[in-house]
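Report on the following structure.
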Protein chains: 2
Amino acid sequence: MMKALVNKKSSEQASETEISVNHQKLIDATIETIAKRGLADTTIAHVAKRAKVSQGYANFRFNSKDNLLISSLQYLSDEYKKSWQKIFEEKNIDPIDRIIRIIQNDFSSKIANRNKISVWIAFYSEVKFRPSYLAICQRQDEIYSQQMEKLVSEINNIANQKEFTPKEISETYHSMVDGLWQRILFDPKIYTNEFCKNLVLKYFKSIYVNEDRFA
Amino acid sequence: MMKALVNKKSSEQASETEISVNHQKLIDATIETIAKRGLADTTIAHVAKRAKVSQGYANFRFNSKDNLLISSLQYLSDEYKKSWQKIFEEKNIDPIDRIIRIIQNDFSSKIANRNKISVWIAFYSEVKFRPSYLAICQRQDEIYSQQMEKLVSEINNIANQKEFTPKEISETYHSMVDGLWQRILFDPKIYTNEFCKNLVLKYFKSIYVNEDRFA
DNA sequence: TTTTGTATTGAATAATCATTCAATTTTTAT
DNA sequence: ATAAAAATTGAATGATTATTCAATACAAAA
């Protein structure tokens with residue numbers, strides 16, 4: 001009966017396109033469902049309905065619910081990674097401006113909104129019991145931390161800051177971001193993205209006292 | 001058949017004691033089960049087995065699984081609260097020493113261990129969908145923040161620190177602790193309790209530059 | 001058009017689980 | 001000791017859900 005099918009590309013290498021359409025529709029629907037109902041209450045049936053495919057298909061397409069969840073986490077992780085990778089790769093930009101852009105990104109509404117955060121935390125909460133979740137989260141973390149430390153050491157050189165090692169600054173920053181994201185989820189009235197961003201900027205200002213771009 | 005029953009108190013106001021025994025056994029078992037298997041995989045049957053009562057009883061005793069979970073979160077919350085409340089109530093102690101004790105408490109092995117943290121995060125992850133979880137977490141937070149701000153303002157007076165408001169310091173501290181707890185869960189090899197505690201102490205040292213007790 | 005292969009459906013299956021409750025054991029009062 | 005009350009059991013129930021798969025719709029090839 002009624003099918004809303006996407007027009008096909010020519011042919012030969014059959015598809016990559018409309019395969020991806022359903023693939024992506026399901027991943028999006030999964031993330032949306034987790035955001036709306038929580039991981040505990042996310043069923044294949046809910047996801048399939050939201051993605052407008054049959055329940056059987058959703059399972060068939062990803063082999064298992066577990067695999068669908070892993071793919072969704074991977075997608076979320078990649079999406080976040082792209083956003084900061086872009087900033088780290090920008091050319092001709094002062095390290096302090098770069099780190100400010102990183103901070104802005106971490107508290108942009110695209111990244112730090114209650115839906116995304118709730119999905120992250122849902123996966124975090126299972127990390128201890130699902131090695132595959134842990135692996136995805138750790139891989140992300142590692143690269144981010146590495147680039148962050150490099151950036152901070154550039155700043156340390158310029159600003160002639162000796163008190164803190166780049167690792168320490170990177171670690172505290174990262175922890176603060178995670179903690180603030182959690183707080184955005186709990187109490188978005190108080191913890192607006194602006195509020196959180198400014199808190200972090202002030203933290204940097206306390207480290208680099210002579211630098212007023214953090215103000 | 002075999003029962004390991006606890007000797008009773010005399011009588012009249014029937015019990016409060018042995019009622020509490022089963023009550024507490026079930027709450028302990030719930031927390032342990034969540035720590036070992038994750039919230040998603042915590043069933044009444046698992047909890048009952050661990051508490052050495054029948055499955056039917058576990059449900060009967062708390063009326064519902066949901067209620068058992070809420071009671072367990074409340075217990076966890078109270079336990080944590082007691083630990084810091086004690087420090088805030090200590091007499092004849094210098095505010096800086098007091099805050100150091102608070103930090104030590106937040107990274108003591110009794111509080112910041114992987115089991116407890118995983119249970120906290122499990123509940124956090126559902127906060128958006130369960131008003132009762134949120135209420136418990138928020139109440140905790142509010143009192144803690146309030147006392148913390150008061151303590152910080154005492155320190156600010158002594159240390160003559162103007163850059164940061166007590167609220168800002170309290171917020172960043174709290175976020176950092178939450179973030180670091182998360183990291184202890186992810187990678188306990190790197191994020192030892194010592195490591196985390198020292199990171200936070202260093203943060204305070206950067207705020208109160210002239211105070212060397214934070215070193 | 002007809003045939004063939006692929007994508008998709010949706011109903012059936014089997015497993016898991018919270019909850020119920022009649023039956024049993026244990027405790028308390030007489 | 002006996003009866004009444006309370007606590008506790010564990011098997012049955014019904015709801016939910018991931019997964020399977022035979023049937024169908026669709027697209028491409030002949």
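Throughout, protein chains are lettered first and strands after them, A, B, ... in sequence-line order, and every chain is numbered starting at 1.
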Look at B:N59 and C:dA18 and indicate whether a side-chain polar atom (N or O) is within less than 4.0 Å of OP1 or OP2.
-> no
Picking from B:V21, B:I44, B:V53, what satisfies side-chain contact (heavy atoms from CB on, under 4.5 Å) with B:L26?
-> B:V53
Cation-pi between A:K202 and B:F164: NZ/CZ under 6.0 Å from ring centre and within 45° of the ring axis?
-> yes
Identify, with sequence neighbours excluded, every residue that meets side-chain hydrogen bond (donor to acceptor under 3.5 Å, both in side chains) alongside A:Q182.
-> none
Side chain of B:N22 (C-beta onward), nearest among C:dT20, C:dT8, D:dT8 = D:dT8
For DNA chain C, determine which residues of residues 26-50 of chain B have any heavy atom closer than 4.0 angstrom to one of its atoms, and list them numerically.
-> B:T42, B:T43, B:I44
Between C:dT19, D:dA18, C:dT8, which one does the side chain of B:S64 approach most closely?
-> C:dT19
Spacing between A:H23 atom NE2 and C:dT8 atom C1', to the nearest angstrom | 17 Å
Consider the side chain of A:Q55, meaning its heavy atoms from C-beta on, and name the nucleotide among D:dA18, C:dT8, C:dA18 that approaches it most closely.
-> D:dA18
Of A:N113, A:I121, A:N115, which is the lone residue that meets side-chain contact (heavy atoms from CB on, under 4.5 Å) with A:I117?
-> A:I121
Picking from C:dT20, D:dA18, D:dT9, which would you name as closest to the side chain of B:V53?
-> D:dT9
Rounded to whole Å, OH of B:Y57 lies from C1' of C:dT26 at a distance of 12 Å
Round to a whole Å and report the spacing from CZ of A:F62 to P of D:dT19.
-> 13 Å
What is the distance, rounded to the nearest whole Å, between atom NZ of B:K52 and atom P of D:dT8?
-> 16 Å
Any residue meeting side-chain hydrogen bond (donor to acceptor under 3.5 Å, both in side chains) with B:H46, in chain and number order, not counting sequence neighbours = B:R37, B:T43
Rounded distance in Å - CZ (A:F60) to P (D:dA22) | 14 Å
Find the distance A:K65:NZ to D:dT17:C1' and express it as a whole number of Å.
-> 8 Å
Just how far, in rounded Å, is C1' of D:dC21 from CZ of A:R61?
-> 18 Å
Would a 4.5 Å heavy-atom cut-off, applied to side chains only, mark A:I169 and A:N156 as touching?
-> yes
For residues A:C137 and A:V127, determine if any side-chain heavy atom of one lies less than 4.5 Å from a side-chain heavy atom of the other.
-> yes
